[in-house]
Amino acid sequence: MSSQSSPVDKDSIPLEDLNKLIDNTKPDAKKRPRDFDDVLEIVGSTSTYQRFILYGILLPLSIFEALFSINLWFLMDEPNHWCNVPNNGSKPENLDSWKNLTIPREENGDFSKCKMFDSNHSIISCTNGWEYDFETVNYQSIVTDYDWVCDKSQQATWVYTGTNIGRAVSTFILGYLADKVGRKPVFIITLLLFSVGRAVSLFFAHDVWIFVLLAVISGMAAPMFAISCNTIALELSGKDFRAWIYAATWMAVAIGLAVVPSLVYVTGNWFVLGWTTILIGSLSYLLLPWMPESPRWLLSVGKIEEVQKILKNIAKWNGTTDKINDDEMFEMLREAEASQKEQRMKEGTGVLKLFSTRRLAVRTLIITLAWVLSGLVSHGIQLNSLNLHGHRFLNFSLIVLMELPGGFFGGILIDKFGRRWMQVTFYFVCFISCTVAAYFSAIGSSDDIVSTLVVIICANVAKLAITMSFLATYLQAMELFPTPFRTTGSGFASTISSFTIILVPYIVFTGKSSMTTPWIVSAIISFAGMVCTSFMPETVNHNLPETLEEAENFGKGRKFWSFQLTGPNKSPKKNEN
């Protein structure tokens with residue numbers, strides 16, 4: 001028998017198999033190492049299991065996270081207030097008539113919150129405490145119980161600052177730990193910080209410094225609570241499902257935020273409100289047994305058996321157990337793990353590796369800057385909603401509910417038209433809205449209905465736009481950082497953002513004397529975001545980079561004014577150059 005292979009009958013095999021055979025027989029052919037995405041596509045990356053993780057676990061957790069994070073704002077709610085002036089039994093039945101006699105007006109025509117007339121009709125500071133407007137909402141907060149107003153109004157700002165310091169410290173530490181010990185352990189840590197830290201703080205509201213310290217501790221839970229569990233879902237899913245994961249969880253957060261004002265009406269007291277939100281949020285513990293560790297992370301640390309166990313469970317849920325047997329799966333995972341291990345030995349670990357080359361450093365800085373700018377504007381608009389004219393809680397509810405259409409339409413738009421230019425457009429819309437709001441805040445007053453409505457509408461449009469922008473930022477960070485550095489990179493960006501968000505309460509505090517200032521600041525920041533995010537590479541329909549080398553080559557060769565989107569079935573490894 002001849003040792004030479006028999007000729008191939010090209011008519012007896014499909015064209016696709018023929019092409020593969022020809023490619024493999026080329027002397028310079030180099031087989032691409034198989035990665036985690038190859039296995040995930042076989043067992044299912046956007047099917048039943050991924051939908052269960054999103055709708056059964058991630059959405060409830062997003063609502064609970066919103067209750068944990070936002071309850072502090074309402075624990076320290078500051079209603080309209082004015083000096084308590086003794087009336088000696090001669091107080092008129094009409095409150096405004098009495099205030100006209102005893103309370104001076106500010107330059108914008110509103111009654112002063114911190115000044116009163118004495119017996120000689122001279123203007124002095126409040127000497128007999130304050131009266132609070134409980135007619136709009138019959139709710140007593142820490143501020144009203146302990147008079148954290150006027151000369152003590154900074155105490156609430158200190159608490160917000162302490163919370164943001166906790167966020168800044170934890171996102172760096174816990175973000176690093178998430179890449180070292182796993183996503184799930186870090187999530188459990190944040191859940192404990194949220195529930196236990198906030199519960200203990202309720203018993204120390206009378207001591208502002210202990211309360212601030214506990215605010216730092218409970219603040220350490222955010223935003224790694226959301227980042228850690230969202231990362232697990234993202235790393236379990238294919239590229240076609242990632243945008244919807246963030247869009248859906250964003251909308252769930254908005255629902256949770258909108259629930260709190262309703263609980264304020266029901267509870268009527270800050271202590272009861274605090275325990276109500278904590279107990280509801282603690283339902284998160286019941287979901288822990290159903291939450292897996294990220295198989296991508298497990299693979300990156302060499303735990304192939306655990307990865308295989310999770311993937312077999314995914315295949316069982318998705319009905320794909322017949323598509324790959326255990327030996328084939330193990331071999332593919334071992335090949336992917338060996339490739340990653342080789343790459344890690346060459347690349348190393350630590351956040352500084354994201355600055356190891358000029359391209360990676362610039363990209364990391366742009367993602368961080370976008371995270372910072374989106375965070376400043378989003379938190380600023382939300383907190384400033386309590387300063388707007390009209391019904392404070394209604395204004396707040398409208399603002400946070402903008403995250404529902406923001407998450408829904410944002411997810412659709414950035415998937416259809418790409419992350420990059422849509423994000424630039426979102427920032428532009430926010431810039432225009434904040435500019436218009438600044439103008440009408442300057443010319444209007446609490447009695448000017450037209451100006452009040454325009455400012456409220458602009459605030460909602462700006463919140464809608466910045467929500468979609470923030471959604472794109474979160475998604476781009478997850479899609480640009482490689483697997484071993486994904487939460488480290490996101491944690492770094494979030495840490496820097498948390499440090500800058502410390503400024504938000506102080507910026508919003510200026511709105512008590514000048515309602516225009518917060519809007520001017522937000523407009524300037526939005527314009528800066530529009531410029532910086534235009535330099536982001538397009539990430540839609542790309543596989544997640546697994547190594548620093550893949551992240552380095554991502555988007556290389558694309559022109560600045562390029563609007564071309566990668567096709568959903570194309571491999572990014574062939575499109576990045």
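Shown here are the side-chain contact (heavy atoms from CB on, under 4.5 Å) partners of Lys309, two or more places apart in sequence or in another chain: there are none. In this view, Thr161 and Thr157, Ile165, Ile502, Tyr506 satisfy the side-chain contact (heavy atoms from CB on, under 4.5 Å) rule, not counting sequence neighbours.
Here the closest non-hydrogen pair linking Phe203 and Ala199 is CD1-O, 3.5 Å. The two residues Lys323 and Ile42 have their closest heavy-atom pair at CD-O, 3.7 Å. In terms of heavy-atom proximity, Ala462 sits nearest to Ile381 at CB-CD1, 3.6 Å. Closest non-hydrogen pair, Phe241 versus Leu54, comes out as CZ-CD2, 3.8 Å. The heavy-atom pair separating Ala370 from Tyr427 by the smallest distance is O-OH, 3.3 Å. Contact record, Val186 with Ser228: CG1-CB, 4.3 Å, taken as the closest heavy-atom pair.
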Test log, rule salt bridge (Lys or Arg N to Asp or Glu O under 4.0 Å), inputs Asp37 and Arg296: CA-CA 9 Å; Asp37 283 301; Arg296 287 182 189 268; 2.6 Å; yes
CA sep, side-chain torsions, deciding dist, call: Leu236, Tyr49, side chain to side chain contact (heavy atoms under 4.5 Å, CB included): CA-CA 9 Å; Leu236 280 166; Tyr49 184 79; 4.1 Å; yes
Residue pair Ile314, Gln50: steps toward the side chain to side chain contact (heavy atoms under 4.5 Å, CB included) verdict: CA-CA 8 Å; Ile314 294 175; Gln50 284 76 18; 4.0 Å; yes
Criterion side chain to side chain contact (heavy atoms under 4.5 Å, CB included) on Ser195 and Tyr285, from CA distance to verdict: CA-CA 10 Å; Ser195 55; Tyr285 289 100; 2.7 Å; yes
Side chain to side chain contact (heavy atoms under 4.5 Å, CB included) between Leu202 and Trp275, intermediate numbers included: CA-CA 8 Å; Leu202 296 178; Trp275 273 107; 3.6 Å; yes
Residues Glu293, Lys303; criterion salt bridge (Lys or Arg N to Asp or Glu O under 4.0 Å); working and verdict: CA-CA 11 Å; Glu293 180 55 270; Lys303 298 183 179 182; over 6 Å; no
Glu235 and Arg183: CA distance, side-chain angles, deciding distance, salt bridge (Lys or Arg N to Asp or Glu O under 4.0 Å) verdict: CA-CA 10 Å; Glu235 293 183 335; Arg183 308 345 186 179; 2.8 Å; yes
Phe52 vs Trp317, ring-ring contact (aromatic ring centres under 6.0 Å, His included): CA-CA, chis, key distance, verdict: CA-CA 9 Å; Phe52 165 73; Trp317 276 74; 4.6 Å; yes
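Between the side chain of Asn318 and the backbone N or O of Thr48 there is at least one donor-acceptor pair closer than 3.5 Å. In this structure a side-chain-to-backbone donor-acceptor pair under 3.5 Å is missing from Thr467 to Glu403. Checking side-chain atoms of Lys312 against main-chain N and O of Val307 turns up no donor-acceptor pair under 3.5 Å. With Thr163 contributing its side chain and Val159 its backbone, the two residues share a donor-acceptor pair below 3.5 Å. Counting only distance, with no hydrogens or angles, the side chain of Arg167 and the backbone of Gly219 share no donor-acceptor pair below 3.5 Å. A donor-acceptor contact shorter than 3.5 Å is absent between the side chain of Ser378 and the backbone of Gly375. With hydrogens and angles disregarded, no donor-acceptor distance shorter than 3.5 Å links the side chain of Ser47 to the backbone of Gly44. When atom types are taken as modelled, the side chain of Glu538 and the backbone of Arg420 share a donor-acceptor pair closer than 3.5 angstrom. Ser45 contributes no side-chain N or O that, together with a main-chain N or O of Glu41, makes up a donor-acceptor pair within less than 3.5 Å. At distances below 3.5 Å, not a single donor-acceptor pair connects side-chain atoms of Ser469 with backbone N or O atoms of Ile466.
In this structure, Phe409 places its CZ atom where only 12 or fewer heavy-atom neighbours from other residues, nucleotides or ligands lie under 6.0 Å away. Few gaps surround CZ on Phe271; more than 12 heavy atoms of other groups in view lie less than 6.0 Å from it.
Salt bridge annotation for Glu331-Arg334: present, with a cationic side-chain nitrogen under 4.0 angstrom from a carboxylate oxygen.
Looking only at side-chain heavy atoms (C-beta outward), Leu234 and Glu479 stay at 4.5 Å or farther from each other. The closest side-chain heavy-atom distance from Pro537 to Arg363 is below 4.5 Å. Taking the side chain as every heavy atom from C-beta outward, Leu288 and Phe187 approach each other to under 4.5 Å. You'll find the side chain of Phe396 stays beyond 4.5 Å of the side chain of Val260, heavy atoms only. Within the 4.5 Å cutoff, side-chain heavy atoms of Ser62 are placed close to those of Val253. Using a 4.5 Å cut-off on side-chain heavy atoms (C-beta onward), Leu283 and Pro60 make no contact. Side-chain contact between Met76 and Phe211 is present, with at least one heavy-atom pair separated by less than 4.5 Å. Inter-residue side-chain proximity for Ile367 and Met536 is flagged as met; some heavy-atom pair is nearer than 4.5 Å.
By the 30° and 60° cut-offs, the orientation of the rings of Phe194 relative to Phe68 is parallel.
One finds the CG atom of Asn460 at 4.0 Å from the CD1 atom of Ile399 (value rounded to the nearest 0.5 Å). Expressed to the nearest 0.5 Å, how far OG of Ser300 lies from CG of Leu298 amounts to 7.5 Å. We find the CE-CG distance between Met251 and Leu404 to be 7.0 Å, quoted to the nearest 0.5 Å. Distance CG/Leu286 to CD1/Ile57: 12.0 Å, rounded to 0.5 Å. Rounded to the nearest 0.5 Å, atoms CE (Met468) and OG1 (Thr425) are 9.5 Å apart. How far CG of Leu67 is from CG of Leu279: 11.0 Å, rounded to the nearest 0.5 Å.
If you look at Phe481 and Phe492, their ring centroids are not closer than 6.0 Å.
Side-chain N/O atoms of Tyr474 and Ser374 include no donor and acceptor closer than 3.5 Å.
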